[in-house]
Amino acid sequence: MLTIGLTGGIGSGKSAAASCFRALGINVVDADWAARVVVQPGQPALAKIAEHFGADVLLENGELDRAKLRGLVFDNANERSWLEGLLHPLIREEILRALAASQSAYAILESPLLIESGQYKLVDRICVVDLPEEQQVARAGARDRSDAEQIRKIMAAQLPRQQRLEKADDVLDNSGDLASLEAQVEALHQLYLQLVEENY
């Protein structure tokens with residue numbers, strides 16, 4: 001099955017683009033959803049995380065305290081790579097399971113770290129949702145109520161915009177309004193259906 005990797009930096013509008021594809025009847029597998037599944041209470045990965053970082057990374061109900069864990073790994077490259085080494089293979093398995101169950105004409109893997117995590121190897125084409133960095137900071141700040149400094153740190157941990165664009169087969173320019181994004185998604189949808197017809 002044709003699989004499209006949908007990615008973009010924080011605040012780029014990946015989720016809005018994914019919603020547009022869903023509205024067209026396309027199955028979207030969200031890598032963030034897979035990342036949440038593998039650290040649910042009772043999963044081996046959560047026990048390993050608590051063992052490594054201490055019980056402080058768990059909430060009272062036994063779930064992962066994502067904000068605390070994010071704080072521990074964002075400024076520490078070694079800790080981040082330990083965590084990625086544990087989680088990425090598990091997330092990959094979960095994604096593959098969900099993609100295999102897909103029933104639509106083609107499938108989309110929505111992932112903020114598609115390129116950085118190696119998940120791009122699971123897809124046939126890469127579609128990047130893009131907008132100027134200042135707009136990214138403003139939108140992410142409005143959505144998460146985070147300060148600009150925190151958002152820029154997250155952006156610095158992600159692939160630089162230019163490198164992401166160089167990897168793209170398709171680009172959705174999300175610097176405009178939702179109607180503009182919807183029209184671009186519709187055009188790509190037609191292209192993808194044509195590719196399915198020709199090759200799959």
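Since this is a predicted model, take the numbers as computed values, not measurements.
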Residues forming a salt bridge (charged side-chain N to carboxylate O under 4.0 Å, His left out) with E134, sequence neighbours excluded
R152
Rounded to the nearest 0.5 Å, the CD1 atom of I91 sits from the CD atom of Q119 at a distance of 6.5 Å
For residues 25-50, please give each side-chain donor-acceptor pair under 3.5 Å, one per line with the distance, not counting sequence neighbours.
{"residue": "N27", "atom": "ND2", "partner": "S102", "partner atom": "OG", "Å": "3.1"}
{"residue": "D30", "atom": "OD1", "partner": "D32", "partner atom": "N", "Å": "2.8"}

By side chain to side chain donor-acceptor pair (under 3.5 Å) - contacts of E51 (at least two apart)
none
Consider only side-chain heavy atoms of I, L, V, M, F, W and Y, link residues closer than 4.5 Å, and tell whether I108 and M1 are in one cluster.
no
Can you tell me which residue pairs pass the salt bridge (Lys or Arg N to Asp or Glu O under 4.0 Å) test with a partner in residues 109-129, sequence neighbours excluded?
R125-D170
Output for pair (D56 CG, K68 NZ), nearest 0.5 Å, gives 5.0 Å
Quick check on the hydrophobic clustering: are L24 and L178 connected, directly or via other members, by side-chain heavy-atom contacts under 4.5 Å?
yes
Spatial distance of atom OG (S117) from atom CD1 (I95) [nearest 0.5 Å]:
7.0 Å
Side-chain contact test, heavy atoms from C-beta onward, threshold under 4.5 Å: evaluate it for Y192 versus C127 and give yes or no.
yes
Derivation of the side chain to side chain contact (heavy atoms under 4.5 Å, CB included) call for K167 and V128
CA-CA 8 Å; K167 301 268 188 202; V128 169; 5.9 Å; no
Would you call R139 and L131 a side-chain contact if the rule is heavy atoms closer than 4.5 Å?
yes
Linked hydrophobic residues, I151 as query - side chain contacts closer than 4.5 Å:
I10, F74, V137, I154, M155
What side chain to side chain donor-acceptor pair (under 3.5 Å) pairs are there with at least one residue in residues 78-88, not counting sequence neighbours?
H52-E79
N/O donor to acceptor pairs below 3.5 angstrom from side-chain atoms of residues 181-189, sequence neighbours left out:
{"residue": "Q184", "atom": "OE1", "partner": "D173", "partner atom": "N", "Å": "2.9"}
{"residue": "Q184", "atom": "NE2", "partner": "D173", "partner atom": "O", "Å": "2.8"}
{"residue": "Q184", "atom": "NE2", "partner": "S180", "partner atom": "O", "Å": "3.4"}
{"residue": "Q184", "atom": "NE2", "partner": "S180", "partner atom": "OG", "Å": "3.3"}
{"residue": "E186", "atom": "OE2", "partner": "Q190", "partner atom": "NE2", "Å": "2.7"}
{"residue": "H189", "atom": "ND1", "partner": "Y106", "partner atom": "OH", "Å": "2.7"}

Could you check if a side-chain atom of N199 sits within less than 4.5 angstrom of a side-chain atom of L2, using non-hydrogen atoms only?
no
Tell me, please, which residues at least two apart from E94 pass salt bridge (charged side-chain N to carboxylate O under 4.0 Å, His left out).
R97
If you compare all heavy atoms of L72 against all heavy atoms of N76, which two are closest, and at what distance to 0.1 Å?
O-CB, 3.6 Å
Answer with yes or no whether the hydrophobic clustering places I4 together with V129; edges join I, L, V, M, F, W, Y residues whose side-chain heavy atoms lie under 4.5 Å apart.
yes
For D65, the salt bridge (charged side-chain N to carboxylate O under 4.0 Å, His left out) test, sequence neighbours excluded, returns none
Considering all heavy atoms of both residues, which atom of A105 and which atom of V196 are nearest to each other, and what is their separation?
O-CG2, 3.7 Å
Please report the shortest heavy-atom distance between L113 and T7, naming the atom on each side.
N-OG1, 4.4 Å
So, taking the atom named CG in N174 and the one named CD in Q136, what distance separates them when rounded to the nearest 0.5 Å?
10.5 Å
How would you list, by chain and number, every residue that makes a side chain to side chain donor-acceptor pair (under 3.5 Å) with E198, sequence neighbours excluded?
Q194
Run the side chain to side chain donor-acceptor pair (under 3.5 Å) test against S12 and tell me which residues pass, sequence neighbours left out.
none
Shared ILVMFWY cluster between V123 and L165, side chains joined below 4.5 angstrom?
yes
Taking only residues two or more places apart in sequence, or in another chain, which ones meet R92 in a salt bridge (charged side-chain N to carboxylate O under 4.0 Å, His left out)?
none
Single-linkage hydrophobic cluster, 4.5 Å side-chain cutoff, L195 and L122 together:
no
Any side-chain heavy atom of L6 within less than 4.5 Å of one from L172?
yes
